[in-house]
S.K.: 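The structure is given below, and queries will be raised subsequently.
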Amino acid sequence: MVFRPAFTLLLLLLSSSPSSSSSVSELSVSFDNTTRHALVFVPSGADLTAPIPVVLNFHALASDPAAQMLMSDMNTIAERENFVVVYPRGLEGAQVWTPLPAPGPTYSLNGGGCCPAACSKGADDVGYTRFLLDEYLEDELRLTFDRSRIYATGMSNGGFMTNRVGCEMSDVIAAIAPVSGPLMNGASIAWKSDPFECDITRPVPVLHMHGLADIIVPFNGDRLLSFPKIEDSVNGWASRNGLGDDVKWTSSYENGDVACDSAGANSNNVTLCRIKGGGHSWPGAPGGLCPEHGPFACTRDIVASEEIWRFFSSKSL
Ligand SMILES: *[C@@H]1O[C@H](CO)[C@@H](O)[C@H](O)[C@H]1NC(C)=O
Ligand SMILES: *[C@@H]1O[C@H](CO)[C@@H](O)[C@H](O)[C@H]1NC(C)=O
């Protein structure tokens with residue numbers, strides 16, 4: 001989805017922050033000889049003495065941290081529940097095939113199989129994420145992170161990226177929640193990709209949400225773009241998490257168009273929420289970011305960010 005960064009930044013500035021002492025910082029980070037960016041939300045309840053949980057929240061292809069902040073509305077929950085949200089920005093130069101030129105710079109993240117140009121360039125976004133967590137953010141924000149409670153979520157390209165950090169940072173990330181983006185760690189026939197091994201060091205709880213009518217990252221995969229079937233992505237996690245080949249799914253949430261099935265215990269929970277009629281969207285996104293119809297059709301029968309935090313909050317390393 002092509003967002004207009006300048007426009008979304010304006011919205012960001014206009015929307016009132018949850019409290020006067022919470023803050024959104026825009027950081028310029030020097031990493032790997034390039035200047036990277038990130039937006040970071042720090043809730044007003046954060047203090048220097050208590051370690052605080054962190055949610056990484058990755059943006060979609062041709063999107064950016066400001067747009068992801070608006071779409072996920074995660075800061076509202078972070079203010080209420082007292083956690084930090086980090087929105088890392090990918091490399092400039094997303095490749096999208098739209099008839100119209102992008103209105104400004106666009107960004108992509110290297111989720112392995114997707115998305116170009118980041119994956120074609122082999123951008124070290126996992127390294128960048130580790131750098132933010134291990135060497136940069138705590139000093140910059142003057143906070144201590146709760147190392148047992150670092151989580152990752154993201155939309156579309158950000159969902160691919162979320163799956164990738166679940167694989168490659170299973171020593172760091174306590175649970176993941178990809179939205180509209182699968183684990184794709186093999187080669188793509190559509191572009192140069194950056195295959196990687198998904199060797200986890202411990203079970204990684206996964207909550208995956210996906211629209212059954214998504215035409216951009218289709219639920220049944222896309223042979224032309226080499227996108228896997230979403231069920232294969234989720235079953236892969238179930239098998240990695242030790243749930244066997246014959247996974248026992250039970251219904252864990254049902255409301256209107258949304259049906260979620262779960263397997264495993266708390267520590268290796270794998271959950272897939274299927275959204276009937278759902279397009280390429282973040283369920284329960286605010287206002288116009290949750291359209292009723294079209295390719296980005298978005299349900300309000302579940303609020304993704306609330307369910308994601310509910311899932312994360314019961315998980316720790
Ligand atoms: C960064 O720049 C230094 C000095 O120019 C060079 O030696 C190094 O290979 C570069 N590293 C990367 C990752 O490009
Ligand atoms: C797994 O996670 C889902 C989604 O949060 C939840 O509804 C379900 O109760 C969880 N199952 C277990 C065994 O913790």
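Only this structure's heavy atoms are used, side chains among them; waters, hydrogens and symmetry mates stay out. We count ligands from 1, going down the list as the structure has it; atoms in each ligand are counted the same way. The shown structure was predicted, so the numbers you read here are calculated from the model rather than taken from an experiment.
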S.K.: Does the plane of the ring in H59 sit parallel, tilted or perpendicular to the ring in Y107? Use 30° and 60° as the thresholds.
M.R.: perpendicular
S.K.: Is there a donor in the side chain of N110 and an acceptor in the side chain of D194, or the other way round, less than 3.5 Å apart?
M.R.: yes
S.K.: Among protein heavy atoms, which lies nearest atom 13 (C) of ligand 2, and at what distance?
M.R.: G264 O, 3.3 Å
S.K.: Is the closest protein non-hydrogen atom to atom 9 (O) of ligand 2 under 4.0 Å?
M.R.: no
S.K.: Write out the residue and atom name of the closest protein heavy atom to atom 1 (C) of ligand 2, then the distance separating them to 0.1 Å.
M.R.: N269 ND2, 1.4 Å
S.K.: Is there a heavy atom in T271 that sits closer than 4.0 Å to ligand 2?
M.R.: yes
S.K.: Before giving the answer on side chain to side chain contact (heavy atoms under 4.5 Å, CB included), spell out for E307 and M209 the whole-Å C-alpha distance, their side-chain angles and the decisive distance to 0.1 Å.
M.R.: CA-CA 10 Å; E307 293 308 317; M209 297 193 186; 3.8 Å; yes
S.K.: Are the gamma sulfurs of C198 and C167 separated by less than 2.5 Å?
M.R.: yes
S.K.: Are the aromatic ring centres of F160 and F227 under 6.0 angstrom apart?
M.R.: yes
S.K.: Among all protein non-hydrogen atoms, which one is nearest to atom 5 (O) of ligand 2, and what is the separation to 0.1 Å?
M.R.: F311 CD1, 3.4 Å
S.K.: For atom 7 (O) of ligand 2, what is the nearest protein heavy atom, given as residue, atom name and distance?
M.R.: S252 CB, 3.4 Å
